[in-house]
Amino acid sequence: MRSVRTVAGIDVGNATTEVVLADVTRDPPRPLAWDRAPTRGRKGSPGAAEGAAALVARLARRAALVVDAVAVAPQRPVDTAAAVVPRTPPPTRELHVLAAGVRTPGRPGLGVGRPVPVTAAPAADAGSVVLLVPADVGYREAAARVAAWLDAGAEVAAVLVAADEGVLVARRVPADVPVLDDVPLTAAAGAALVAVEVAEPGRPLGALADPVRLRALLDVPSDEARVVARALADAGSAAVSVGGAARAPVTDDGGFVVDPAGGHIGLTEAVPAVRAAAPGRFRGLALPGRPCVDVEDLWLVDLDAVAADVEARRPHDRALGLVVASLAPHDPSSAADARQVVVDALGVPALPVPDEVAAARAGALSTPGAAPSAVVLDLGGGTVDAVAPDGTQVVLAGAGEAVTAGVSVALGLPRGAADWVKRGPSARLEGPHVLLAEDGRRSFTDVPAPGEAVGSLVAPGPAGWLPFARDLAPAEWRALRLHLKRATLGDNVARCLRLLAERAGPAAEVLLVGGAAGDAEVLRVLDQVAPGVLVGRADVAGGVVPGALAHRWAVAYGTVLQTRP
């Protein structure tokens with residue numbers, strides 16, 4: 001049997017799998033090739049193990065190397081699902097927002113009236129009316145019919161348009177009345193009264209966002225006026241209805257957590273306790289519409305509170321809700337099965353590795369100048385793992401995927417796009433070639449951007465500039481982004497370090513490893529939550545291949561360090 005020369009160190013993570021091929025005849029082992037790929041399915045599953053084995057084989061072929069053994073830490077099955085739980089906004093009985101913040105309102109103004117189809121016969125004695133223009137009536141015909149109502153002596157208070165033609169209608173209406181488009185007319189038609197307001201460009205609403213004025217305009221209870229006015233605080237246009245057909249009450253199946261006594265606490269109410277709790281305090285989790293499952297740790301983030309802290313503009317018609325990360329109980333048998341899948345697929349022996357967290361520490365301490373007394377913090381996709389010099393470990397749910405989920409919900413983006421947008425500073429595309437950065441500086445692009453992207457915030461993406469938001473200024477998004485990172489990742493790291501300090505003493509220095517450690521703003525966030533602690537990124541195997549493995553391959557290289565024959 002040939003001697004072991006090349007070992008494949010494998011790190012199967014929640015989001016990505018990393019592999020390092022290293023020559024273990026050197027001291028220290030010399031990395032020869034390394035690569036990563038998205039993890040296939042659930043960490044700890046046979047599919048994830050098969051994906052890791054395929055990555056090892058592909059990398060060995062590309063580097064023309066023969067793998068003699070594998071070093072893979074026990075793959076703990078981690079269900080760290082960053083699930084967004086919607087929170088139902090406070091209900092209203094009679095008062096409802098028909099539309100708010102439409103992109104192309106037709107004309108500023110304020111009007112209140114009874115909703116009437118614009119196609120109805122004009123009547124001078126109809127009182128104050130809000131004319132409804134259905135989608136099958138074009139803007140020219142709509143303007144002519146509004147003019148007929150005016151000519152008949154009717155008191156036209158406002159015009160609501162179903163299609164995206166508010167500006168075209170307003171320019172042809174011979175009266176100074178507010179015009180709002182993109183309005184669902186079915187709901188408007190059944191109302192007793194409708195109030196319409198369009199503010200001057202760039203200005204917020206004046207009447208409909210003021211609960212006292214709204215109460216007076218529509219003669220509604222104070223509590224309802226307060227709820228709706230608060231929801232419209234950032235809108236520049238809105239239509240609000242009162243009366244009409246009764247709406248079914250909204251039920252709030254918001255899920256719950258199981259407390260130590262076995263009682264159920266709603267997710268929203270449990271946020272403060274969960275964020276302050278040690279692992280294991282809350283042992284069960286039920287997401288909306290799903291059965292209760294056992295968990296080892298929970299992490300909750302209230303996105304509405306995050307947005308409120310920075311006065312960020314939010315959707316008028318819904319609450320942002322919560323991000324929930326959960327850590328499943330450890331299953332040793334499943335971990336052993338996953339390692340065997342790798343061995344069987346590659347046909348080489350597996351060298352013993354104690355665990356992932358110990359491997360992360362070994363890899364991190366290969367950083368030149370690393371202090372042996374440093375705490376190693378592994379920021380992965382699903383968990384925050386910390387290990388002290390004496391081997392004491394803390395593993396908590398909630399890391400990079402929680403940040404992605406928060407950004408996805410806050411901006412209304414798909415998860416894939418949010419994963420790119422979250423990573424660092426953005427810019428606003430002022431023109432096909434002009435970018436306005438978050439610090440106010442302007443720069444020029446080498447390639448013209450698509451016309452439809454002009455006016456959007458953009459971030460570097462996999463295929464160039466990725467447009468993602470039109471209703472936020474660069475400085476607004478910077479404030480919200482940094483606060484999201486602190487609430488989702490930074491505060492959890494602070495919780496992790498507190499627990500580690502209780503068990504092994506306080507940390508004076510922290511070395512960061514893992515994918516989330518590469519975030520351009522993570523050092524700033526952690527400086528805020530861990531004042532007085534020296535925080536830096538690892539340079540894995542930096543004395544052998546400086547800067548090549550950086551922070552990401554700590555576990556993969558660490559498994560090799562722990563298994564040298």
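Contact annotation: the side chain of Leu267 never approaches that of Phe256 to less than 4.5 Å [non-hydrogen atoms, C-beta and beyond]. Taking 4.5 Å as the limit, every side-chain heavy atom of Ser128 sits out of range of all side-chain heavy atoms of Val112. With a 4.5 Å cut-off on side-chain heavy atoms, Leu303 and Val323 count as touching. Looking at Val525 and Leu489, their side chains never come closer than 4.5 Å, going by heavy atoms from C-beta outward. Counting only heavy atoms from C-beta outward, the side chains of Val159 and Val118 never approach each other to under 4.5 Å. Between Val161 and Leu185 there is no side-chain heavy-atom pair separated by less than 4.5 Å. Considering only heavy atoms from C-beta on, Val133 stays 4.5 Å or farther from Val169 through its side chain.
Using a distance-only test at 3.5 Å, with no hydrogens or angles considered, a donor-acceptor pair links the side chain of Ser237 to the main chain of Val102. At least one donor-acceptor pair closer than 3.5 Å links the side chain of Glu197 to the backbone N or O of Gly206. Side-chain atoms of Thr445 come within 3.5 Å of backbone N or O of Val447 as a donor-acceptor pair. Judged by distance alone, with hydrogens and angles left aside, the side-chain atoms of Asp304 form a donor-acceptor pair with the main-chain N or O of Gly321 at under 3.5 Å. A donor-acceptor contact shorter than 3.5 Å is absent between the side chain of Ser426 and the backbone of Ala459. Within the 3.5 Å criterion, the main-chain N or O of Ala397 finds a donor-acceptor partner in the side chain of Asn492. Proximity of a side-chain donor or acceptor of Arg423 to a complementary backbone N or O of Pro460 within less than 3.5 Å is not detected. Judged by distance alone, with hydrogens and angles left aside, the side-chain atoms of Arg281 form no donor-acceptor pair with the main-chain N or O of Val274 at under 3.5 Å. Remark: the backbone N or O of Pro221 is not paired with any side-chain donor or acceptor of Glu224 at under 3.5 angstrom. Between the Arg495 side chain and the Asp491 main chain, no donor and acceptor come within less than 3.5 Å of each other.
Classification of Glu438 and Arg481 as a salt-bridged pair holds, one side-chain N sitting under 4.0 Å from a carboxylate O.
In plain terms, the two heavy atoms of Val130 and Ala157 that are nearest each other are CG2-CB, 4.4 Å. The heavy-atom pair separating Leu285 from Ser326 by the smallest distance is CD2-CB, 3.7 Å. Nearest heavy-atom pair, Ala52 versus Thr17, reported as atom, atom and distance to 0.1 Å: CB-CG2, 3.9 Å.
Arg107 contributes atom CZ, which lies 13.0 Å from atom CG of Leu180 (distance to the nearest 0.5 angstrom). Remark: Asp471 CG to Asp234 CG distance equals 10.0 Å, nearest 0.5 Å. From Leu214, atom CG reaches atom CZ of Arg230 across 13.0 Å, with rounding to the nearest 0.5 Å. Distance OG1/Thr488 to CD/Glu401: 12.0 Å, rounded to 0.5 Å. Expressed to the nearest 0.5 Å, how far CD of Glu521 lies from NZ of Lys422 amounts to 11.5 Å. For the atom pair CZ (Arg524) and CG (Leu526), the distance works out to 12.0 Å, reported to the nearest 0.5 Å.
Stacking of Arg145 on the aromatic ring of Trp149 is not recorded, the 6.0 Å distance cut-off and the 45° axial limit not both being met.
Summarising the local packing, CZ of Arg470 is surrounded by more than 12 heavy atoms from other residues, nucleotides or ligands at distances under 6.0 Å.
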How far apart are the C-alpha atoms of Val227 and Leu95, what are their side-chain angles, what is the distance that settles it, and do they pass the side chain to side chain contact (heavy atoms under 4.5 Å, CB included) test?
-> CA-CA 9 Å; Val227 169; Leu95 200 58; over 6 Å; no
Show your reasoning for whether side chain to side chain contact (heavy atoms under 4.5 Å, CB included) applies to Val258 and His264.
-> CA-CA 5 Å; Val258 180; His264 293 179; 4.1 Å; yes
For the pair Leu232 and Val240, evaluate side chain to side chain contact (heavy atoms under 4.5 Å, CB included) and give the outcome as yes or no after the intermediate values.
-> CA-CA 10 Å; Leu232 297 175; Val240 177; 3.8 Å; yes
For side chain to side chain contact (heavy atoms under 4.5 Å, CB included), just list the numbers for Leu435 and Leu429, CA-CA rounded to whole Å, side-chain angles, deciding distance to a tenth of an Å, and then say yes or no.
-> CA-CA 5 Å; Leu435 291 170; Leu429 195 62; 3.4 Å; yes
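In the model, Arg415 has no side-chain atom that pairs as donor or acceptor with a side-chain atom of Thr404 under 3.5 Å.
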